[in-house]
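Below is one structure, written out as structure tokens; the observations come after it.
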Amino acid sequence: MQWQFEAIGTHWTIDIDPGGPNCSLLEQKIRKLIEEYDLVYSRFRTDSLIHRISLKAGRFKFPDSGQEIMALYRQLYQLTSGSFTPLIGDTLIGAGYDQNYTLTPTHLDSPPNWEEVLNYRHPFLETTRPVTLDFGAAGKGQLIKLVAQALTDQHVYDFTIDAGGDIAYHASDGQKLRVGLEDPSDPTKVIGVIELESGQAIASSAGNRRRWSQYHHIIDPHKLASPKEILACWVIAKQPMVADGLATSMFLVNPTKLLTEFEFEYLILYPDMQVYRSGGFKAELFDK
Amino acid sequence: MSNDCGSSSLELVSMLNYFSNHQSKPFNMSQLKQPLTKITTGMASGVLVFSLAGCQQAEPENTPVSQAPAPLTATDSATASIVYADGVYTVDGVYQSPGGQEEIGVTLTLADGVITDAQVEPRASLPISKKMQEDFAANYQTQVLGQRIESLELGKVSGSSLTPKGFNDALEKIKLQAQS
């Protein structure tokens, strides 16, 4: 059974094995879950919580998911000395990556320090002034995790969730999934293949897709520029939200820093097509 | 590893990066296929630069020797390679990593133009996790080349190929505006 749909700005493919009689009910449940998530965390719609937070200071109630994602952002914020921050939203907007996709840079400001603006005590966020928060670096990963949880809650234990190339995989027989690592310069090709194990998630980040002017979708707040040293990276971790957040963080700091607090495997692809990978990233790479 | 310049520079990078993660462990340089020649000491705030003895430098002057996480900046194309007498040398090095500049101290023992021993003193202030020390086995590919998906049996492809439709539409609009 395969579901395909657009959500949170990307294409989702969910494979479920086997498709049971309650499949369409389950699909509706999942799509509702995703829509509810988007309604909270999207900065691209005017009816979201994030949009309300961008209008004026106040006290805002987050859903249950807020606890985990705010904790991850806080951890990565401290680990990256502020390079990874949810406060990057206004900077992205200054660069042109706004609700209307004007993609024309106007003026970029460095984001404020976390402590200056945000105080999160679950489930409440207090802000001292209007700010545009952006959870794009890990939100998709968290949503993948929530979908996986919804499936296992319904006793579905064999599935592959693919949200725009970020994948979570479960197989009750322990069989591995062959995942190609997409060549950033050519979507019909892959630079290698990794065998994903059941219970693993893989996330990918590349700097050559959402790009405009001199920017792409990751902006280093300390340099107000998009990192160009890395072309793409892949992260494998148990948790999809962690994999997603780390894949973005790899553009901002040395992986050794991230390894002090997280368990993951990674592969970095450089613009000249050289590759650097961790010892446990067991992929077959192609050179001809 | 093959016998060409690119892979030898990567072996060096591999060595340096290995050390920066493993806190000073002797590395038997005889494992390297090419002898290395130090061309600058860079004592104070130097940049570690190595050229490869007997290796044609085909890269242009301002191409970095390698762009792996511990790349070396080639400040000099290999016109003058100085071969140092046998002995022990100390070099303070800096290298560029994705997260910024990292410092290491390197002590090299040279014999017959070959580094027979190298000790690296990492200067990073981060604790090195045990997992990194156990699992670290850098695997370099000098150049990966994409293979067509149809030629492989894949369950899935991981990449960021699918950008939001709104984004692509905006890019198209801008392109058209630029052309008018």
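Letters A, B, ... are given to chains in the order of the sequence lines, protein chains preceding strands, and every chain is numbered from 1.
Both the backbone and the side chain of B:Ile149 come within contact range of chain A, each with at least one heavy atom under 4.5 Å from a heavy atom of that chain. Using a 4.5 Å cut-off between heavy atoms, A:Asp220 does not touch chain B at all. Contacts of A:Thr160 with chain B are made by side-chain atoms alone, with heavy-atom separations under 4.5 Å and no backbone atom involved. Neither the backbone nor the side chain of A:Ala232 comes within contact range of chain B, judged by heavy atoms closer than 4.5 Å.
At distances below 3.5 Å, at least one donor-acceptor pair connects side-chain atoms of A:Trp212 with backbone N or O atoms of A:Ala95.
Judged as a ring pair (Phe, Tyr, Trp, His ring centres under 6.0 Å), and not counting sequence neighbours, A:Tyr169 has no contacts.
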Would A:Arg43 and A:Asp98 count as a salt bridge (charged side-chain N to carboxylate O under 4.0 Å, His left out) if you check the C-alpha gap in whole Å, the side-chain angles of each, and the deciding distance to 0.1 Å?
-> CA-CA 8 Å; A:Arg43 66 175 176 89; A:Asp98 52 23; over 6 Å; no
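Of the listed residues (A:Val179, A:Ile194, A:Val190), the greatest number of heavy-atom pairs within a distance under 4.5 Å of chain B belongs to A:Val190. The most heavy-atom pairs under 4.5 Å with chain B, out of A:Ile191, A:Leu196, A:Thr188, A:Leu269, come from A:Thr188.
Among residues at least two apart or in separate chains, there is no side-chain hydrogen bond (donor to acceptor under 3.5 Å, both in side chains) pair with a member in residues 191-204 of chain A.
Within the 6.0 Å centre-distance limit, the rings of A:Phe44 and A:Tyr97 are counted as a close aromatic pair.
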